[in-house]
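To start, the structure under review is shown below, and the notes come after it.
Note: hydrogens, waters and symmetry copies are ignored here, and every other heavy atom, side chains too, is used. Labels below follow one simple rule: chain letters A, B, ... track the order of the sequence lines, proteins then strands, and each chain is numbered from 1.
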Amino acid sequence: MFMKKTYITTAIPYVNGVPHIGHAMDYCLADVCARYYRARGDEVRFQVGTDEHGNKIFQKARELNVPVQEYVDTNAEKFKKFIAKLDISYTDFVRTTSEDHKKRVREIWQKLSEHIYMAEYEGWYCTGCERYITEKECKENNGVCPDHQKPYEKLKEENYYYRVADFKKQIREAIESDEILILPDFRKKEMLRLLEETPDVSISRPTSQLSWGVPVPGDESQVMYVWMDALSNYITVLGYPEQAINDWWPAMAQFVGKDILRFHAILWPAMLLGLGLPLPKVLVSHGMVLSNGQKMSKSIGNVVEPMEVIDKYGLEAFRYYFLRHVDTFADSDFTWEKYSDAYNNELANDLGNLVQRLATLAKKNSIVVEQPLEGLTPSKEYCDLMNEFKFARAFDVVWEKIQSLNKRIDDEKPWSLAKNGETELLDKCMTELIKDLLQANYELIPFLPNTAERIVGIFANGEIRPPESPLFPKG
RNA sequence: CGUGGGGUAGAGCAGCCUGGUAGCUCGUUUGGCUCAUAACCAAAAGGUCGUUGGUUCAAAUCCAACCCCCACAACCA
């Protein structure tokens, strides 16, 4: 039997920190997408992973006095656990320090070699920070590093560059024509403008600057610098280049935070074009989660820990909030008050209570629904929104159905029908209500898989009985 | 004179492209119901749609200028 193959990717986080809410957003959006396409019958491959090279990681490991590989192993494990905790239905986990990835990235580099050249880079450098700083930052600090109280030095080094210029025209056409569809639309304009001013990209560092990375093939004095290494993960995980990847590539959708969209909309297509590979179909750029209206930052002290949010009301509530009340594309605010309101008013009152009252009514009146899961298909409105990656809006559509069921129960008053002995009418009314609940529930699957499964267990598993504990206890 | 987004009821947002009596959710107030997790349903109050000017019979919507917030520009997703 022929199944459409669909490949979905997420950005791979840099493992020098702990998983935060932004990573969770990326995972949850991609997960909804993956579950939706699976429900439609596609065979879905879903990549997640970790970016593990670079100076910051090297330094952090040295500070902690542990071998670097051990350090990244530990942190990669943290991300793996986090992803599992979010119930993300991934199929592939890629690590940039894996032997497979490193071998393949070197092969990719070689394939791109005709677009790679060496040039000298000159800039202000702080020996304390061990990094280059921008001209503007240098000026602002009057030429002295505020952290180390040392004057910046003018340094020169040799870097390899990737000649993005070779592909600008093709990339512009691909973006303009939506061959690569960039969502949301206003980001597309932003990327087109950025493309024009994008210089060739530095893709290596001398080992004297950076040792924790993939050595450049044919030049052991240089290692690859972040992007060439990291972006390649989307195809190395599929086995490129030694394995044919055209079953899966191009990706149907690549999910990224808006801050790294530029690399995915410009450098990544340039790499793919250099390799002669097709371009991804859709780049979905999601916004940031704000905390009390501000960007989360350690110095402001408003960082919201995802684990803490999950622990408050459970995973389903977490997914609910971040998939419905956080705009799929724009920045959205998180506050504990909104979170608690959403949980109590919507999950507990709207949905939890609806399930409870319907199940109780059914049980009291011994209602039996024949073939309750027969003929369930998602509505057109819902599918259209899902296909356009407007997940939060699609979720709204599902929720309207759930809320309208509460109204219908009030209007049709099944309890009066029972009291008046109108069993036939009661049976018909209850059957319809339950079927419609299961219809809404079917569309709920990608968003709240565990809840949806519980609801099926209550209504579509022989005798209907209320849940032993509330779906969403008030709190 | 950098680029992009935004300013609509107490809060969060839709409507703007394709002008025609201002809409949704939460919150507030009142009423109804009793199957249900003190849940559910209904009604009401609440807005000179950032400012000024223009086009038009008619502007939240189109045009111009200005004010204000935010993000990006630089390795905090």
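Here the separation of B/G12 from B/U34, taken at their P atoms, is 39 Å to the nearest Å. Taking atom C1' on both B/G46 and B/C63, the two are 33 Å apart, rounded to the nearest angstrom. Of the C1' atoms belonging to B/G10 and B/U29, the separation is 14 Å, rounded to the nearest Å. B/C49 and B/A59: their P atoms are spaced 12 Å apart (whole Å). The P atoms of B/C13 and B/A71 are separated by 15 Å, rounded to the nearest whole Å. Straight-line distance between the C1' atoms of B/C33 and B/A39: roughly 12 Å, to the nearest whole Å. Atom name C1', nucleotides B/A60 and B/C24: the rounded distance is 16 Å, in whole Å. Rounded to whole Å, the separation between the P atoms of B/A22 and B/G50 comes to 15 Å.
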- prompt: Between A/D31 and A/S89, is a side chain to side chain donor-acceptor pair (under 3.5 Å) present by the stated rule, with each step listed?
  reply: CA-CA 6 Å; A/D31 187 57; A/S89 59; 2.7 Å; yes

message: Please determine whether side chain to side chain contact (heavy atoms under 4.5 Å, CB included) holds for the pair A/V32 and A/R319, giving the CA-CA distance in whole Å, both sets of side-chain angles, and the decisive distance to 0.1 Å.
response: CA-CA 10 Å; A/V32 168; A/R319 290 179 61 110; 4.2 Å; yes

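The residues A/K169 and A/E173 are annotated as salt-bridged, a charged nitrogen and a carboxylate oxygen being separated by less than 4.0 angstrom. Under the 4.0 Å criterion applied to side-chain N and carboxylate O atoms, A/E432 and A/K428 are assigned as salt-bridge partners.
The aromatic rings of A/F82 and A/F79 lie perpendicular to each other, with more than 60° between the two planes, well past the 30° mark. Ring pair A/Y339/A/W336 is perpendicular by interplanar angle, where above 60° counts as perpendicular and below 30° as parallel.
Note on A/Y225: a base of the nucleic acid sits closer than 4.0 angstrom, heavy atoms only. If you check every strand for non-hydrogen atoms under 4.0 Å, A/R187 touches nothing. Among the protein residues, A/V355 comes within range of no part of the nucleic acid, since none of its heavy atoms lies under 4.0 Å from any strand. Nucleic acid contact for A/Y14: none, since no nucleic acid atom lies under 4.0 Å from a heavy atom of the residue. Within the 4.0 angstrom heavy-atom criterion, base atoms lie near A/L471.
For the pair A/K189 and B/G5, the criterion of a side-chain N or O lying under 4.0 Å from OP1 or OP2 is met. Listed pair A/K474 / B/A39 meets the phosphate criterion, a side-chain N or O lying under 4.0 Å from OP1 or OP2. Neither OP1 nor OP2 of B/G4 sits under 4.0 Å from any side-chain N or O of A/K188. The side chain of A/N349 contributes an N or O atom lying less than 4.0 Å from OP1 or OP2 of B/C40.
Residue order along RNA chain B, read from the 5' end via each residue's closest nucleotide, puts A/K407 first among A/K407 and A/K295.
Aromatic rings from A/F395 and A/Y320 are positioned such that their centres are separated by under 6.0 Å. You'll find the ring centres of A/Y234 and A/Y7 outside the 6.0 Å limit. Taking the six-membered ring for Trp and the full ring otherwise, A/F322 and A/F334 have centroids separated by under 6.0 Å.
Listed for the A/T96 side chain is a donor-acceptor partner under 3.5 Å among the backbone atoms of A/E52. When atom types are taken as modelled, the side chain of A/E443 and the backbone of A/S379 share a donor-acceptor pair closer than 3.5 angstrom.
Rounded to whole Å, atom P of B/G12 lies 18 Å from atom CG of A/D396. Between the CD atom of A/E197 and the P atom of B/G2 there is a distance of 14 Å, rounded to whole Å. When rounded to the nearest whole Å, the span between CZ of A/R357 and P of B/A38 equals 12 Å. When the C1' atom of B/C72 is taken as reference, atom NE2 of A/H286 falls 15 Å away, rounded to whole Å. For the pair A/F329 CZ and B/G4 C1', the interatomic distance rounds to 17 Å; values are reported in whole Å. As rounded to whole Å, 15 Å separates atom P of B/G6 from atom CG of A/L290. Put simply, CG on A/L195 is 15 Å from P on B/G4, counting in whole angstrom units. Atom pair A/I260:CD1 and B/A74:C1' shows a separation of 16 Å (rounding to whole Å applied).
For RNA chain B, if you chain together Watson-Crick or G-U pairs that step i with j, i+1 with j-1 and so on, the runs of at least three with distances under 3.5 Å are B:2-7 with B:67-72, B:10-13 with B:23-26, B:28-32 with B:40-44, B:50-54 with B:62-66.
Relative to the side chain of A/K338, the nucleotides B/G12, B/C35, B/U37 differ in distance, and B/G12 lies closest. Looking at the side chain of A/N406, the nearest of the listed nucleotides B/C41, B/U37, B/C75 is B/C41.
Put simply, the side chain of A/N353 and the base of B/A36 share a donor and an acceptor less than 3.5 Å apart.
Both cation-pi conditions hold for A/K80 and A/F93: the charged atom is under 6.0 angstrom from the six-membered ring centre and inside a 45 degree cone around its axis.
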Between the protein and nucleotides 23-33 of chain B, list the N/O to N/O atom pairs that are separated by less than 3.5 angstrom.
residue : atom : partner : partner atom : Å
B/C26   : O3'  : A/N345  : ND2          : 3.1

